[in-house]
Amino acid sequence: LDTLEEKNGFLSRMALNDNKAGMEGLDRDKINKIIMETSKGSRFYENELKRELQVNQRIEKMMLQKAQITEQQLKKAQAEVERMAASMEKSRDLSRVIVHVDMDAFYAAVEMRDCPELKDKPMAVGSMSMLSTSNYHARKFGVRAAMPGFIAKKLCPDLIIVPTNFDKYRAVSNEIREIFALYDPHFQPLSLDEAFLDFTDHIEQRKSWPESLRTHHYHIIKGKPPKMNQWYDELTTVPEDKDLSPVLFEDSPVSSPSLPCSGAAAGAVEVFGTSVEEAVREMRFRIEQKTMLTASAGIAPNMMLAKVCSDKNKPNGQYVLPSTREAVMDFIQTLPVRKIFGIGKVSEKMLNALGVSNCSHLSQQMALLSLLFSDTSWHHFMEVSLGLGHTFIPRHEERKSMSTERTFKEMNQTDQQLALCKTLCQDLAGDMKKEGLQAKTVTLKLKNVNFEVKTRAQTLLYAISTEEEIFAAAKELLKTEIENESPQPLRLRLMANNSEAACERFFIFRP
DNA sequence: GGGCTCGCAGTTC
DNA sequence: TTCCAGAACTGCGAGCCC
């Protein structure tokens, strides 16, 4: 296998993932060298090595399987693929207007807004052990989400690491969700900063709206944050001439909404049109006026495409994919498979081994893929290669499980482990109580100091909810693991308790 | 031998 | 010194039942 480590002498799964806005044209080799030097020999690295080996073995197995496929089998598969394609094609619906909105470098942007000194410095949100996100200055150094802070510091010694403040992000999230609801009351949040919206109805109504309903005022001007913003008071020490403009990124694409430039006086207005683009531009304008933060959006006939589109003009941009089969197919052809929701590092590597790196390869190799992957997998690949996706936004489903986990420095004392387990059960029971839930399966997850993960579950005869009941099950699972390890102690770095509604596999009991 | 349930590892966001 | 947290879903194998 022509893997990266053979070429460059390191693990490909450890290498920089620059598949992210603001990370084009970096000195990858230099960055990777630093990442490698910092990680090499660590327990984490050793575990990654093991996992990479496993993936390579999976690929080898797949290639062996591929070698045994006959011309006949392939022909038969091709026929099946074509039948399936024709049937999927019939379900194509280009009538919906789906929007995916995504805040730009959300946590980092919030912190920069609230502390303007950070604005033109490389910064990230998180800790020395893990970063949640980074700003665009930091990304230029290869610093990105899911990277430990101590490695980021090696890449960018001047990096400022701000601790996460979830309550604050939740509050901002609520503000933007209020705006989402104006366009689609049934919008689906994916996380604090991301959501799917169905704009179809809004666009229909908007057509007949008078200009007054589409006119919006600027509240924010340079140097003068509005009084109504709660953070204003905290900032009163900031000198008047300090630039408080919400422009966070110097390289914003041109499609960005008109930002309040220095000429925009308070009370200036902006009139938005009736098209989808204008409606989305208006929504982003309102988000910016309300929060001083920018968002990017993708507009497409389905959720799969909208998600990809929102990434296209990030940050502070939007991208419309016209609702014609031709436009969709053109768009899909050059799309790298890694951009697709659901295809991560491992699947990408497996597909690459088969010469599939973008979606046009995907359709060309579909017969082969149908023989090498499970039905669910290749059906998904097929839908993607046809540019199909969900056209309606599912209403929020009930949760299927709930868990709480904690990472810590090595813990090898049984009494400490049991105490922690009890605490986790207590937290979990508290969370379950908040939502009035009960569960039938209790799962204990352990990660040892070598980063090896184990989960052990027990399904009960009846649903439970209290701390004592959960702990009774979790304690037994933990004791079994401790015994299995003895006389060696169990050396843990993470413990989690999860409760799941496992009656009929997934089912939550509501009392 | 199929069809089901369950446990667990692994992938992805 | 230091490599997250939480949720969903899939695949696969073992065990059980008919």
Side-chain angles (χ1 to χ4, degrees), chain A residues 13-14 17 19-20 35 38-48 50-51 54-55 57-58 61 100 102 107 124-133 144-154 161 163-164 166 189-194 307 311 337-350 373-380 394 396-410 424 427-428 431 440-447 449-460 477 481 493-508:
Chain A
R13 57 181 300 123
M14 291 286 292
N17 175 359
N19 176 21
K20 187 126 184 122
I35 296 178
T38 317
S39 329
K40 208 144 197 172
S42 68
R43 285 178 166 142
F44 178 80
Y45 177 82
E46 295 301 318
N47 188 254
E48 288 296 289
K50 215 171 80 191
R51 288 175 62 188
Q54 283 169 9
V55 173
Q57 280 168 359
R58 261 176 84 179
K61 212 170 120 192
H100 178 258
D102 193 357
Y107 299 171
V125 177
S127 68
M128 276 308 240
S129 41
M130 189 50 61
L131 302 179
S132 297
T133 185
R144 57 159 300 152
M147 178 181 274
F150 72 94
I151 289 179
K153 277 277 197 185
K154 290 260 161 68
I161 298 179
T164 42
F166 273 103
L190 291 184
S191 59
L192 287 182
D193 75 315
E194 237 182 291
K307 175 101 169 105
D311 196 49
V337 288
R338 186 64 171 85
K339 292 271 178 190
I340 297 154
F341 192 86
I343 298 184
K345 235 185 322 201
V346 175
S347 308
E348 181 192 27
K349 202 171 170 184
M350 305 217 16
F373 288 81
S374 71
D375 283 358
T376 14
S377 293
W378 80 263
H379 290 171
H380 179 233
H396 192 68
E397 308 272 317
E398 289 196 333
R399 75 154 70 237
K400 296 174 175 123
S401 69
M402 184 177 260
S403 67
T404 177
E405 67 184 73
R406 224 144 286 167
T407 297
F408 36 81
K409 288 229 164 61
E410 172 164 355
L424 288 166
D427 292 352
L428 184 59
D431 290 345
K440 266 194 89 174
T441 300
V442 175
T443 305
L444 176 73
K445 173 176 159 186
L446 302 173
K447 191 189 272 183
V449 289
N450 294 318
F451 289 86
E452 293 160 339
V453 179
K454 251 184 211 170
T455 59
R456 293 290 177 262
Q458 190 185 5
T459 299
L460 307 161
L477 293 167
E481 288 313 302
R493 77 175 331 273
L494 173 146
M495 191 188 295
N497 275 319
N498 174 76
S499 61
E500 195 176 323
C503 176
E504 297 177 46
R505 188 127 200 176
F506 297 122
F507 184 74
I508 289 278

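Lettering follows sequence order; numbering is per chain, from 1.
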Separation of atom [atom1] in [X] from atom [atom2] in [N], rounded to whole Å:
X: Met350(A); N: dT11(B); atom1: CE; atom2: C1'; value: 12 Å
X: Glu481(A); N: dG7(B); atom1: CD; atom2: P; value: 14 Å
X: Phe408(A); N: dT2(C); atom1: CZ; atom2: C1'; value: 15 Å
X: Asp375(A); N: dC9(C); atom1: CG; atom2: P; value: 19 Å
X: Glu452(A); N: dC8(B); atom1: CD; atom2: C1'; value: 15 Å
X: Lys445(A); N: dG6(C); atom1: NZ; atom2: C1'; value: 8 Å
X: Phe166(A); N: dA5(C); atom1: CZ; atom2: C1'; value: 8 Å
X: Phe341(A); N: dC9(C); atom1: CZ; atom2: C1'; value: 11 Å

Residue whose closest nucleotide on DNA chain C lies nearer the 5' end, Lys409(A) versus Lys61(A): Lys409(A)

Which residue lies more 5' along DNA chain C, comparing Met147(A) with Asn498(A) via nearest heavy atoms: Met147(A)

Salt bridge (Lys or Arg N to Asp or Glu O under 4.0 Å) involving [X] - partner list, sequence neighbours excluded:
X: Arg58(A); answer: none
X: Glu405(A); answer: Lys445(A)
X: Lys154(A); answer: none

Scan [X] against the nucleic acid and name what it touches under 4.0 Å (heavy atoms): base, sugar-phosphate only, or nothing.
X: Arg43(A); result: nothing
X: Ile343(A); result: sugar-phosphate
X: Ser132(A); result: nothing
X: Met402(A); result: sugar-phosphate
X: Leu494(A); result: sugar-phosphate
X: Ala146(A); result: base
X: Ser127(A); result: nothing
X: Ile340(A); result: sugar-phosphate

To the side chain of [X], which of [options] is closest?
X: Glu405(A); options: dA7(C), dA5(C), dC4(C); answer: dA5(C)
X: Lys454(A); options: dA9(B), dG6(C), dC4(C); answer: dA9(B)
X: Phe150(A); options: dT2(C), dT12(B), dC4(C); answer: dT2(C)
X: Val55(A); options: dC13(B), dA5(C), dT11(B); answer: dT11(B)
X: Thr455(A); options: dC4(C), dG6(C), dC8(B); answer: dC8(B)
X: Arg456(A); options: dA9(B), dG6(C), dA7(C); answer: dA9(B)
X: Thr376(A); options: dT10(C), dC8(B), dG6(C); answer: dT10(C)
X: Arg58(A); options: dT12(B), dG7(B), dT11(B); answer: dT11(B)

Please confirm whether the shortest side-chain N or O distance from [X] to OP1 or OP2 of [N] is below 4.0 Å.
X: Ser401(A); N: dA7(C); result: no
X: Thr443(A); N: dC8(B); result: no
X: Thr459(A); N: dG7(B); result: yes

Note: Glu48(A)-Arg51(A) ion pair, threshold 4.0 Å (strictly below): yes

Non-neighbouring partners of Ser191(A) that pass side-chain hydrogen bond (donor to acceptor under 3.5 Å, both in side chains), sequence neighbours left out: Asp193(A)

With sequence neighbours excluded, residues passing side-chain hydrogen bond (donor to acceptor under 3.5 Å, both in side chains) with Thr376(A): Ser374(A)

pair Thr404(A)-Leu428(A): side-chain heavy atoms closer than 4.5 Å: yes

Nearest heavy-atom neighbours spanning Ala145(A) and Ser132(A): CB-O, 3.0 Å

First of Gln458(A) and Lys307(A) reached from the 5' end of DNA chain B, by closest nucleotide: Gln458(A)

Detail all sub-3.5 Å separations between protein N/O atoms and N/O atoms belonging to nucleotides 15-17 of chain C.
none

Side chain to side chain contact (heavy atoms under 4.5 Å, CB included) assessment of Leu424(A) paired with Arg406(A): CA-CA 8 Å; Leu424(A) 288 166; Arg406(A) 224 144 286 167; 4.0 Å; yes

